[in-house]
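As structure tokens, the structure follows; a few thoughts come after it.
If you're wondering where the values come from, they're calculated on a predicted model, not measured in any experiment.
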Amino acid sequence: MFCDLIKWVEYLDTDNRVCKVTRDNCEFGYDKSTFQKNHGIILRVCVKLKKGDGKLARQKWDEIRKKKLKIQSQRSLGCVFKNLSNEDVKKNNFLTSSTGWFIQKKLKMTGYRIGDAMISEKHHNFIENVGHASAKDYLQVIKDIQKKAKKE
């Protein structure tokens, strides 16, 4: 995992102090870290890279990129929502924890669009910029998903 390569993180705390912590104090997990609890703003990260064959690394990156391009739009913010917890999956009798699945199958919002911000047809947890989407467009799509999810 990427977090295993991190040596330390420098962040701004809520009192506007610059703080530095080691990776062990970051409490990294899937879609979480200590910075969500302490509301820190990450300023810098020291990453310890491994020596290796640059050509081989480039080939591997190209393979990963090609695979991702098939399902993930590069004109997007990336995944918008956190995946569902195991408890929510069990409680609601869902097939998966994938928020994209929920948006597609339960909310039926694939292709939903405000201005030029549209829920991707490739990866349903992505909101694509299909033209000249504004932040306002993105935020409205997000709010509409949240509103419909609460209703469902």
Side-chain angles (χ1 to χ4, degrees), residues 1-12 21 23 26-37 39-152:
M1 289 178 45
F2 181 77
C3 65
D4 295 332
L5 302 175
I6 294 174
K7 289 180 73 175
W8 52 260
V9 176
E10 188 177 87
Y11 69 98
L12 189 66
V21 292
R23 175 190 50 139
C26 293
E27 300 175 33
F28 289 120
Y30 179 74
D31 281 351
K32 72 178 185 107
S33 73
T34 192
F35 305 104
Q36 289 155 311
K37 290 184 220 167
H39 304 287
I41 298 171
I42 296 173
L43 303 173
R44 293 190 313 159
V45 177
C46 179
V47 179
K48 183 178 181 182
L49 301 177
K50 298 175 184 175
K51 281 191 174 198
D53 183 337
K55 235 180 175 177
L56 188 62
R58 171 56 69 188
Q59 287 174 337
K60 183 70 176 167
W61 169 246
D62 287 342
E63 287 172 25
I64 292 168
R65 194 170 158 270
K66 283 177 188 170
K67 189 177 172 184
K68 285 188 173 215
L69 280 172
K70 289 180 183 176
I71 61 167
Q72 298 176 351
S73 170
Q74 298 304 294
R75 293 200 54 173
S76 75
L77 301 173
C79 283
V80 177
F81 298 102
K82 223 172 133 173
N83 282 334
L84 304 167
S85 68
N86 290 333
E87 296 81 37
D88 283 339
V89 171
K90 286 177 187 172
K91 183 173 77 175
N92 294 293
N93 204 26
F94 292 154
L95 300 174
T96 177
S97 63
S98 167
T99 302
W101 174 87
F102 180 77
I103 291 168
Q104 177 193 24
K105 300 291 186 182
K106 293 294 182 181
L107 302 182
K108 302 197 182 317
M109 291 184 77
T110 300
Y112 179 80
R113 180 175 174 168
I114 299 288
D116 281 336
M118 181 183 87
I119 298 173
S120 175
E121 294 181 8
K122 292 180 183 178
H123 189 307
H124 315 284
N125 196 10
F126 275 49
I127 300 172
E128 293 183 50
N129 183 345
V130 294
H132 299 286
S134 67
K136 188 176 179 180
D137 296 338
Y138 273 101
L139 288 172
Q140 191 58 55
V141 172
I142 290 168
K143 287 176 184 175
D144 290 352
I145 293 168
Q146 291 170 327
K147 184 178 177 182
K148 190 164 184 183
K150 284 179 184 174
K151 196 166 96 173
E152 292 292 318

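Counted within 6.0 Å of CD1 on Ile41, heavy atoms from surrounding residues, nucleotides or ligands total 12 or fewer; the atom is thus considered open.
The stretch residues 75-86 participates, sequence neighbours left out, in no salt bridge (Lys or Arg N to Asp or Glu O under 4.0 Å) pair at all. Sorted by first and then second residue, the pairs that involve residues 90-102 and meet salt bridge (Lys or Arg N to Asp or Glu O under 4.0 Å), not counting sequence neighbours, are Asp88-Lys91. The list of salt bridge (Lys or Arg N to Asp or Glu O under 4.0 Å) pairs with a residue in residues 127-148, not counting sequence neighbours, is empty.
Every residue two or more places apart in sequence or in another chain that forms a side chain to side chain contact (heavy atoms under 4.5 Å, CB included) with Lys60 is listed here: Glu63, Ile64. Partners of Asp53 under the salt bridge (Lys or Arg N to Asp or Glu O under 4.0 Å) rule, at least two apart in sequence or in another chain, do not exist in this structure. Remark: Ser33 engages no residue in a side chain to side chain donor-acceptor pair (under 3.5 Å) (not counting sequence neighbours). Not counting sequence neighbours, the partners of Val21 by the side chain to side chain contact (heavy atoms under 4.5 Å, CB included) test are Val9, Tyr11, Asn25, Cys26, Phe35. Every residue was checked against the side chain to side chain donor-acceptor pair (under 3.5 Å) condition with Arg58, not counting sequence neighbours, and none meets it. Partners of Lys48 by side chain to side chain donor-acceptor pair (under 3.5 Å), not counting sequence neighbours: none found. Residues satisfying the side chain to side chain donor-acceptor pair (under 3.5 Å) test with Glu27, not counting sequence neighbours, are Lys37. Every residue two or more places apart in sequence or in another chain that forms a side chain to side chain contact (heavy atoms under 4.5 Å, CB included) with Asp116 is listed here: Arg113, Asn129, Val130, His132, Ala133. In this structure, the side chain to side chain contact (heavy atoms under 4.5 Å, CB included) partners of Glu87, at least two apart in sequence or on a different chain, are Ser85.
Within the model, atoms CD of Gln104 and OG1 of Thr110 stand 4.5 Å from one another, a figure rounded to the nearest 0.5 Å. Rounding to the nearest 0.5 Å gives a distance of 11.5 Å between CG of Leu107 and OH of Tyr112. Going from atom CZ of Phe81 over to atom CD of Gln146 covers 5.0 Å, rounded to the nearest 0.5 Å. Distance check, rounded to the nearest 0.5 Å: NZ of Lys50 to CG of Leu5 gives 6.0 Å. Atom CD1 of residue Ile127 and atom CD1 of residue Ile145 lie 4.5 Å apart, to the nearest 0.5 angstrom. The distance from atom NZ of Lys68 to atom NE2 of His123, rounded to the nearest 0.5 Å, is 9.0 Å.
For the pair Ile6 and Phe28, the minimum side-chain heavy-atom distance is below 4.5 Å. Residues Phe102 and Asn83 fail the side-chain proximity criterion, which asks for heavy atoms closer than 4.5 Å. You'll find the side chain of Val47 reaches within 4.5 Å of the side chain of Phe2, heavy atoms only.
A distance-only check finds no donor-acceptor pair linking the side chain of Asn125 to the backbone of Cys79 [under 3.5 Å].
Smallest separation of non-hydrogen atoms from Lys32 and Gln36: CA-OE1, 2.7 Å.
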